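Down below is the structure, laid out as structure tokens.
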Amino acid sequence: MPEIIEVEYYRRLADERALGRRIAAVEADDEWFLKGGTTATALGAALVGAKLRATRRIGKLMLIDVDDAVVGLRYGMTGRLLVDDVAAIASLEYSSDRDDPAWDRFALRFDDGGRLVLRDPRRLGGVELDPDESKLGIDAWTITTDHLAARLAGSRTSLKARLMDQARIAGLGNLLTDEILWRSGLAPTREAGSLGVEEIARLGEQVRGTVAELAERGGSHTGDLHDERHRGGHCPADGAPLDRATVGGRTTYWCPEHQR
DNA sequence: CCGGATGTTCACCT
DNA sequence: GAGGTGAACATCCG
């Protein structure tokens, strides 16, 4: 589920439904889900009695500003946000019909009885009190071409690995990156620092444009390449059999014909 | 039955 | 220091 687009949907849900509400209790029984030394005790001390003042997002990290603290929410691959049992995305979830409250790993209970819940079957997400926001790079949604150029310059790793490096550019995941590179006509295996000015400009437009377009369509899985992203798949643009390999540690599909 | 999957972190190599 | 690999997390799907 979550890449930058889904996390933005979750942020909007929290923003629309939870802002201004007062926290009466914190449910954080799953110690494994608490990251960066965060403890249930510390969460309780910082959050109980406080009101939700703002929501923010840096890449895939969602942030909730309460009175005197910040709560960082990560969704991993299978996490979702629910507010008062309302989900941000109605259907087409990773686990279509399965939806078990036993997977609630963290929750804020409000004094009006409602709850903000992070439900995550695989426990790949997490919660951190006052996370270090400086560890994340520039948000992909609005990154400028100049910033992109700076983040790629001098790197000898693959273009795909670099685009997914959250410390450099925050928000791009596996599906989105394949879609962006496919639209840009750039091979994921290219050395990140080898792109020319024109190629970087094209890539920058596609990073911003693809994120915006797929956000309108409904999520990271709505890309043009997505349905062909499997063994034996073909390029939707020119029909060539897609290449498949592990690049940047993730299964990657690309068209050897038009991605260079 | 087995392999993979929209993610992150960490240990261990080269 | 930069990169790469594999493990771990737990559940579903083909």
Side-chain angles (χ1 to χ4, degrees), chain A residues 1-10 30-38 57-62 72-81 88-89 91-106 118-128 131-133 135-137 140 151-182 188-194 210-211 214-215 217-223 225-233 244-253:
Chain A
M1 283 277 329
E3 291 190 34
I4 190 171
I5 293 170
E6 287 74 20
V7 177
E8 175 63 13
Y9 293 158
Y10 301 151
D30 186 348
E31 200 174 311
W32 197 87
F33 211 67
L34 305 182
K35 309 298 181 182
T38 300
R57 181 190 56 69
I58 305 173
K60 304 172 199 170
L61 175 66
M62 178 173 146
L73 267 38
R74 293 189 169 287
Y75 297 92
M77 286 203 289
T78 55
R80 297 189 302 145
L81 187 73
I89 306 167
S91 55
L92 295 173
E93 298 289 332
Y94 167 82
S95 45
S96 48
D97 292 315
R98 303 271 303 154
D99 193 31
D100 193 334
W103 299 328
D104 291 358
R105 312 297 183 185
F106 175 79
L118 206 172
R119 184 168 293 175
D120 182 3
R122 289 180 61 184
R123 293 167 88 212
L124 295 168
V127 175
E128 186 173 357
D132 182 357
E133 302 175 24
K135 286 195 293 192
L136 290 169
R151 300 300 156 119
L152 299 179
S155 174
R156 306 215 58 184
T157 192
S158 67
L159 179 56
K160 168 139 182 184
R162 195 70 171 191
L163 289 173
M164 290 199 304
D165 181 348
Q166 303 299 304
R168 302 314 223 290
I169 299 166
L172 301 182
N174 200 30
L175 295 185
L176 222 31
T177 304
D178 276 7
E179 177 76 13
I180 287 165
L181 290 172
W182 177 78
T189 48
R190 277 282 292 279
E191 196 174 281
S194 75
T210 302
V211 170
L214 300 201
R217 288 188 191 175
S220 312
H221 58 291
T222 61
L225 180 65
H226 189 260
D227 288 351
E228 293 299 321
R229 247 180 126 276
H230 57 81
R231 286 187 181 79
R244 175 191 192 272
T246 298
V247 182
R250 307 298 298 275
T251 301
T252 302
Y253 291 87

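Everything numeric here is computed off the predicted structure, so don't read it as measured data. In what follows, chains carry the letters A, B, and so on, assigned in the order in which the sequence lines appear, proteins first and then strands, with residues in each chain numbered from 1.
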Which nucleotide, [options], lies nearest any side-chain atom of [X]?
X	options	result
A/Arg156	C/dA10, C/dG3, B/dG4	C/dG3
A/Thr251	B/dG7, C/dG4, B/dG4	B/dG4
A/Glu3	B/dT8, C/dA10, B/dG7	B/dG7
A/Arg162	B/dG4, C/dG3, C/dA10	C/dG3
A/Met77	C/dA10, B/dG7, B/dT8	B/dG7
A/Thr157	C/dG3, B/dG7, C/dA10	C/dG3

Determine the interatomic distance between P on C/dG1 and the same-named atom on B/dT8; round to the nearest Å.
23 Å
In this structure, how many angstroms lie between the [atom2] atom of [N] and the [atom1] atom of [X], rounded?
X	N	atom1	atom2	value
A/Trp32	C/dC9	CH2	P	8 Å
A/Leu176	B/dA5	CG	P	17 Å
A/Arg229	C/dG14	CZ	P	16 Å
A/Arg74	B/dG7	CZ	P	12 Å
A/Asp120	C/dA10	CG	P	10 Å
A/Ile5	B/dG7	CD1	C1'	16 Å
A/Leu163	C/dG3	CG	P	13 Å
A/Asp99	C/dC12	CG	P	11 Å

Would you say the side-chain atoms of A/Arg229 and A/Tyr253 include a donor-acceptor pair closer than 3.5 Å?
no
A/Glu6-A/Ser220 side chain donor-acceptor pair, cut-off 3.5 Å:
yes
Identify whether any heavy atom of A/Lys60 sits under 4.0 Å from a base atom; if not, whether one sits that close to sugar-phosphate; answer base, sugar-phosphate or nothing.
sugar-phosphate
How is A/Ser155 classified with respect to the nucleic acid when contacts are heavy atoms under 4.0 Å: base, sugar-phosphate, or nothing?
sugar-phosphate
Is any side-chain nitrogen or oxygen of [X] closer than 4.0 Å to OP1 or OP2 of [N]?
X	N	answer
A/Arg122	C/dA8	no
A/Arg231	B/dG4	yes
A/Arg250	B/dG7	yes

Could you measure the distance from the CG atom of A/Leu175 to the OG1 atom of A/Thr222? Nearest 0.5 Å is fine.
10.0 Å
Return the nucleotide paired to C/dA10: Watson-Crick means purine N1 to pyrimidine N3 with N6-O4 or O6-N4, wobble means G-U with N1-O2 and O6-N3, both under 3.5 Å.
none
With A/Trp182, the side-chain contact (heavy atoms from CB on, under 4.5 Å) member among A/Leu225, A/Thr177, A/Thr210
A/Leu225
Worked verdict on A/Arg123 versus A/Asp30 for salt bridge (charged side-chain N to carboxylate O under 4.0 Å, His left out):
CA-CA 9 Å; A/Arg123 293 167 88 212; A/Asp30 186 348; 2.8 Å; yes
In terms of the angle between their ring planes, are A/His221 and A/His226 parallel, tilted or perpendicular, with boundaries placed at 30° and 60°?
perpendicular
